[in-house]
Enquirer: 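Next up is a structure, given as structure tokens.
All values derive from a computational prediction rather than experimental measurement.
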Amino acid sequence: MDDLSTVCQGLAEGVSAEEIYAASEIARTRREARLFDDIVSCLACLVKVDDLKGIRLYTVWTLTSAFHRTLIADIKHNETPTLSRAQLEAARAMLKDLENNLRVLGDRPDAP
């Protein structure tokens with residue numbers, strides 16, 4: 001699968017929970033740096049809303065895992081990482097918002 005446009009479409013604003021989940025599973029497996037901005041944008045859009053737009057926390061975890069694996073792959077498999085400082089700063093801001101999201105804060109290991 002060389003054409004990742006369907007994955008990018010699945011991470012766009014306004015798509016269904018099922019499309020986000022499917023796209024995040026593919027992104028998690030592929031670990032393509034060219035999906036990094038789409039992953040970050042999707043998460044940033046979700047965390048703006050206290051209830052994460054009703055998306056299941058497992059889907060948010062899958063998307064966050066795709067983010068993590070993509071970041072690690074870019075650093076590990078490229079002599080010079082391809083992600084820019086601006087991309088990493090946007091990711092940092094998104095992660096801070098994710099960390100402070102009310103629904104994420106309410107999810108506890110002892111009472112998921």
Side-chain angles (χ1 to χ4, degrees):
M1 183 171 149
D2 291 329
D3 181 14
L4 296 176
S5 62
T6 56
V7 178
C8 294
Q9 291 169 0
L11 297 172
E13 192 167 354
V15 298
S16 70
E18 293 81 8
E19 290 172 296
I20 293 173
Y21 179 72
S24 55
E25 279 291 350
I26 294 168
R28 188 170 180 261
T29 302
R30 293 294 299 262
R31 305 172 189 186
E32 301 265 350
R34 58 188 164 152
L35 294 173
F36 188 82
D37 291 336
D38 296 300
I39 295 167
V40 171
S41 293
C42 185
L43 280 165
C45 181
L46 293 175
V47 300
K48 289 179 186 175
V49 182
D50 289 342
D51 74 346
L52 301 168
K53 296 188 175 188
I55 301 296
R56 293 183 60 219
L57 289 174
Y58 184 76
T59 299
V60 175
W61 176 86
T62 303
L63 194 52
T64 306
S65 178
F67 161 80
H68 178 249
R69 287 179 171 202
T70 301
L71 178 64
I72 296 300
D74 186 60
I75 293 168
K76 187 175 180 182
H77 300 297
N78 292 314
E79 189 172 311
T80 303
T82 61
L83 299 173
S84 71
R85 183 174 192 85
Q87 288 174 297
L88 296 175
E89 291 296 332
R92 180 190 309 220
M94 176 276 298
L95 289 172
K96 189 163 274 311
D97 291 342
L98 180 63
E99 178 183 28
N100 293 319
N101 179 277
L102 291 178
R103 186 154 168 227
V104 171
L105 289 170
D107 183 47
R108 305 200 31 97
D110 56 332

Enquirer: Is a donor on one side and an acceptor on the other found under 3.5 Å between the side chain of D50 and the backbone of L102?
Expert: no

Enquirer: Working to the nearest 0.5 angstrom, can you tell me the gap between E32 CD and L4 CG?
Expert: 5.5 Å

Enquirer: Would a 4.5 Å heavy-atom cut-off, applied to side chains only, mark L52 and V104 as touching?
Expert: yes

Enquirer: What is the minimum heavy-atom distance between L11 and S24, and which atoms define it?
Expert: CD2-N, 4.3 Å

Enquirer: Which atoms form the tightest heavy-atom contact between A27 and I39, and what is the distance?
Expert: CB-CD1, 3.9 Å

Enquirer: Could you tell me the separation between the NE2 atom of H68 and the CZ atom of R28, rounded to the nearest 0.5 Å?
Expert: 11.0 Å

Enquirer: Can you give me the closest heavy-atom contact between D38 and C8, atom names plus distance?
Expert: OD2-SG, 3.1 Å

Enquirer: Quick one: CG on L46 to CG on D51, what's the gap to the nearest 0.5 Å?
Expert: 9.5 Å

Enquirer: Pair up each side-chain donor or acceptor in residues 89-98 with any protein partner under 3.5 Å, not counting sequence neighbours, and list the distances.
Expert:
none

Enquirer: Can you tell me how far the CG atom of L35 sits from the CG atom of D74, to the nearest 0.5 Å?
Expert: 12.0 Å

Enquirer: Test side chain to side chain contact (heavy atoms under 4.5 Å, CB included) on T62 and E25 and set out the steps.
Expert: CA-CA 7 Å; T62 303; E25 279 291 350; 3.6 Å; yes

Enquirer: So does A17 get a backbone contact from the side chain of R56, meaning a donor-acceptor N/O pair under 3.5 Å?
Expert: no

Enquirer: With rounding to the nearest 0.5 angstrom, report the CG to CG distance, D37 to L83.
Expert: 8.0 Å

Enquirer: Determine whether C45 and K53 make a side-chain contact, defined as any pair of heavy atoms from C-beta on separated by less than 4.5 Å.
Expert: yes

Enquirer: Following the transitive rule for hydrophobic clusters with a side-chain heavy-atom cut-off under 4.5 Å over Ile, Leu, Val, Met, Phe, Trp and Tyr, establish whether L88 and V40 coincide in one cluster.
Expert: yes

Enquirer: In Å and rounded to the nearest 0.5 Å, what is the CG to CG distance from D107 to L57?
Expert: 5.0 Å

Enquirer: Linking directly or through intermediates, with side-chain heavy atoms under 4.5 Å: list the remaining ILVMFWY members grouped with Y21, chain and number order.
Expert: Y58, W61

Enquirer: Answer whether the closest heavy-atom distance between the side chains of L63 and I20 falls below 4.5 Å.
Expert: yes

